Amino acid sequence: MISPVMPTYARTNFGFERGEGCWVIDEEGNRYLDAGAGIAVSCLGHAHPRLVEVLTQQAGRLWHTSNLYRIPNQERLAELLVDHSFADTVFFNNSGAEAVETAVKMARRYWHSIGEPERNEIITLEHAFHGRTLGMISAAPSAKLVEGFAPLLPGFRQVQAGEIEEVDAALGHNTAAVLVEPVLGEGGIIPLSDSYLKALRQLCDNRGVLLILDEIQCGMGRTGKLFAHEWAGISPDIMAVAKGIGGGFPLGACLATEKAAGGMVAGTHGSTYGGNPLACAVGCAVLEIVSDPGFLQQVSRTAGYLRQGLEGVISSHPDVFDSVRGSGLMLGIKCKVKNMSVIESGYDQRVLLVPAGDNVVRVLPPLNITIDEVSTLVRKIDRAAGNLAGSSDA
Ligand SMILES: *Cc1c(COP(=O)(O)O)cnc(C)c1O
């Protein structure tokens, strides 16, 4: 018999009752170190006092009105995002997929608004992930995501990641935009090099094409800069953000330059819940903390320490692990055994890790994880690997 919760996830048989910082606690009181952060969402850990305060304060005042009216918290968050990024303007969503969909709609609408509606194709990368709506599985159509869901949306074309000539060859008279994740997340923590991103920006400029970045996973301080593209010294025309931006409260945003947003006039796009007072109260508090230069420096320091620890674990378990890659606190360990075996062995050590493509285990702790907690995390991963080495299911 089908479970009341539709069985689209292969879930563990345990779950959690509460959280404190980097820890989540199950019904029996077992404490797990959360190195997945709900897949890069809980960027300030669980039950952060400031986030709890602003959310409960707002909850006692007003939950929802509508985007028919001004929403002061939304205006405040938009101003903060504009102050801290390339963007001139922001549209708010409830999730990542919606934010990238907004980006794609905006790019098409831009060309429509300047009289070139035939420019509607979006170039994306192989192994990319942009979400689960019909539009976004069409944008990044991996076999697992699209099987049984045809017909897909036309207007997307994929090229190999990391090869600038491939993008160059794919650009044509009908190209509206190129859409990439600066660090591919679900695909297996694959960072695009600074030189590739620079070349991509240059290519888009030369050919008059818009550049859209999906920073849903790699943005909001995860790499040690507020946004990952800052490392390459470039800026996009449009950018989708979600996950960390709400620190665990559902929130997404699509940021854009004034030019790229030129077609988005009243009536062109909307959302019932997008940018509601609760989500934006939390979003402001998250951004105020994460955008602080001292906070971001600490992320880089912690990340250096974690990476060094993981390198050590990898050299101690050459039969289990191959290598570590990624940027900041967005790390992936490429495994020689099945990545799910490592993750399940981690559960026995009370550590939460998450899988990704290319047989990778993702390490995505809250950004405010302490150095002591990083040591504990490294020890737990070391033990998880130790229990696997030479085992028959490995
Ligand atoms: C998670 C993710 C999405 C989809 O976000 P949802 O909130 O699940 O819709 C899109 N792009 C990237 C890069 C992601 O990591």
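Just so you know, ligand 1 is whichever comes first in the structure, and atom 1 is the first atom listed for that ligand. For clarity, every value in this text was computed on a predicted model and none was experimentally measured.
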> Which protein residues have a heavy atom closer than 4.0 Å to any atom of ligand 1, listed by chain and number?
Replying inline: S95, G96, A97, F129, H130, G131, E181, D214, I216, Q217, K243

> Is NZ or CZ of R350 both nearer than 6.0 Å to the six-membered ring centre of F16 and within 45° of the ring axis?
Replying inline: no

>> To check you understand the geometry: which heavy-atom pair defines the closest contact between A232 and L197, and what is its length?
In response: CB-CB, 3.9 Å

> Using 30° and 60° as the class limits, which term best fits the ring planes of F14 and Y347: parallel, tilted or perpendicular?
Replying inline: perpendicular

> What closest approach, in Å, do R201 and I234 show between heavy atoms, and which atom pair accounts for it?
Replying inline: CB-CG2, 4.0 Å

> How far apart are the closest heavy atoms of G135 and L153, and which atoms are they?
Replying inline: CA-CD2, 3.7 Å

> Out of curiosity, Q58 CD to N73 CG, how far, rounded to the nearest 0.5 Å?
Replying inline: 4.5 Å

